[in-house]
Student: 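Before I ask anything, let me first share the structure, which is written out below as structure tokens.
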Amino acid sequence: MKRLGLILWLAAPARLLAQNAGRLTLSAGAGGDLSWTVVVILTLVTLLPAILISMTPFVRLLVVFHFLRQALGTQTAPSNQVLIGLSLFLTYFIMQPVGALMYQQAVVPYNQGHMDITQAITTASGPLENFMLHFTREQDLALFVEAAHVPRPRTATDLPMRVVIPAYIVSELQTGFQIGVVLFLPFLAIDLVVASITTSVGMMQLPPVVISTPLKLLVFVAAGGWHLLVGSLLHSFA
């Protein structure tokens, strides 16, 4: 029931916008109202996944997993579908407390009639904004504050969402690339050692990747790489 209530609450802005559009086109009649409702709902359904992905840890997780695959030298294993699925479920795991807080503070009062849709959206954006600000670097916030010509706020919570969201995305990309560099270093060392050995013994016709890839996989599996990596990523959002 909570998930159903959250879905209905997310669809509420579409109903509000459709009603306003119907008032602006009085000559359209009932058919015009229905057309505007369908257009707005389809637009939100199209944009909602991209918006939610950009405002969650999905970006950092997927970037790190792709760097890991490149470092191991396995071009298609795990596949993109597996990496995206793992990133989605880890995103759900990390964001579940934030979603529960948004539900309790905004969806429940809205369903009980204690606040209108505008107040509910404003209240629900609070926990999400606090989550993003916690993992956003100050220099990225300053960059978008300057670009948007927004007055310098007293606190970060005074910043508008149009500044917080792109700054959060840039910070997540930067963090993901930093983790990717750290992942690459030990596997790069294995590649260099294998390449040096094969060259010194005169194995010029054998590509070093043929030997280094199994060695990297052996080291990764023996060290419990997936457990360590996922655990480190989860702790980075603690």
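Numbers here are sequence positions counted from 1.
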Student: If you measure from CD on E129 to NE2 on H134, what distance do you get to the nearest 0.5 Å?
Tutor: 14.5 Å

Student: Please say yes or no: joined through hydrophobic side-chain contacts below 4.5 Å, possibly via intermediate residues, are L61 and W226 part of one cluster?
Tutor: yes

Student: Just say parallel, tilted or perpendicular for the rings of F177 and F67, cut-offs at 30° and 60°.
Tutor: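 Judged by the thresholds at 30° and 60°, the geometry between F177 and F67 is perpendicular.
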
Student: Side-chain contact, heavy-atom cut-off 4.5 Å: L233 with F65?
Tutor: yes

Student: Which heavy-atom pair separates K216 from G73 by the least distance, and what is that distance?
Tutor: NZ-N, 4.1 Å

Student: Is the shortest side-chain heavy-atom distance between V64 and L68 below 4.5 Å?
Tutor: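 The answer is no, as the side chains (C-beta and beyond) never meet within the 4.5 Å cut-off.
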
Student: Nearest 0.5 Å, what's the CG-CG distance between L62 and L90?
Tutor: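 L62 CG to L90 CG: 11.0 Å, rounded to 0.5 Å.
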
Student: Side-chain contact test, heavy atoms from C-beta onward, threshold under 4.5 Å: evaluate it for L128 versus M132 and give yes or no.
Tutor: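 Yes. Closest side-chain heavy atoms under 4.5 Å.
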
Student: For the ring pair F89 and F93, is the centre-to-centre distance below 6.0 Å?
Tutor: no

Student: Restricting to non-hydrogen atoms, name the atom on L141 and the atom on V164 that form the minimum distance, rounded to 0.1 Å.
Tutor: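 The answer is CD2-CA, 4.3 Å.
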
Student: Write down the atom of V163, the atom of A148, and the distance for their closest heavy-atom approach.
Tutor: CG2-CB, 4.1 Å

Student: What is the distance from atom CG of L215 to atom CZ of F187, rounded to the nearest 0.5 Å?
Tutor: 11.5 Å

Student: Would a 4.5 Å heavy-atom cut-off, applied to side chains only, mark P97 and F131 as touching?
Tutor: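 Not in contact.
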
Student: What distance separates L185 CG from I190 CD1, expressed to the nearest 0.5 Å?
Tutor: 11.5 Å

Student: Do V170 and L143 have side chains that approach each other closer than 4.5 Å (heavy atoms only, starting at C-beta)?
Tutor: no

Student: Do M55 and L101 share a hydrophobic cluster, counting only Ile, Leu, Val, Met, Phe, Trp and Tyr and linking them when any side-chain heavy atoms are less than 4.5 Å apart?
Tutor: no

Student: Might you confirm whether atom CD of Q139 has over 12 heavy atoms from other residues, nucleotides or ligands at distances under 6.0 Å?
Tutor: yes

Student: Do F135 and I94 sit in one hydrophobic cluster, given that two such residues count as connected whenever their side-chain heavy atoms are within less than 4.5 Å of each other, even indirectly?
Tutor: yes

Student: Indicate the atoms forming the closest heavy-atom contact of L228 with A223, along with that distance.
Tutor: CD1-O, 3.2 Å

Student: With a 4.5 Å cut-off on side-chain heavy atoms, are F144 and L159 touching?
Tutor: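 Heavy-atom side-chain distance check fails, nothing below 4.5 Å.
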
Student: Under 3.5 Å, is there a donor-acceptor pair between the side chain of Y168 and the main chain of T56?
Tutor: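 Checking the backbone N and O of T56 against the side chain of Y168, a donor-acceptor pair under 3.5 Å is found.
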
Student: Do you know which two heavy atoms are closest between G176 and V63, and how far apart they sit?
Tutor: C-CG1, 3.9 Å

Student: Determine yes or no for a side-chain-to-main-chain donor-acceptor pair under 3.5 angstrom, with S87 supplying the side chain and F58 the backbone.
Tutor: no

Student: Would a single hydrophobic cluster contain both L173 and L83, if residues Ile, Leu, Val, Met, Phe, Trp and Tyr are joined by side-chain heavy-atom contacts under 4.5 Å?
Tutor: yes

Student: Show the nearest heavy-atom pair for residues R60 and S236, with the distance to one decimal.
Tutor: NH1-OG, 3.1 Å

Student: When rounded to the nearest 0.5 angstrom, what is the spacing between CD in E138 and OG in S171?
Tutor: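 Spacing of CD (E138) from OG (S171) equals 10.5 Å.
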
Student: Shared ILVMFWY cluster between V98 and L234, side chains joined below 4.5 angstrom?
Tutor: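 Looking at the clustering, L234 is in the same group as V98.
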
Student: To the nearest 0.5 Å, how far apart are OG1 in T123 and CD in Q105?
Tutor: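 Going from OG1 on T123 over to CD on Q105, the span is 7.5 Å.
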
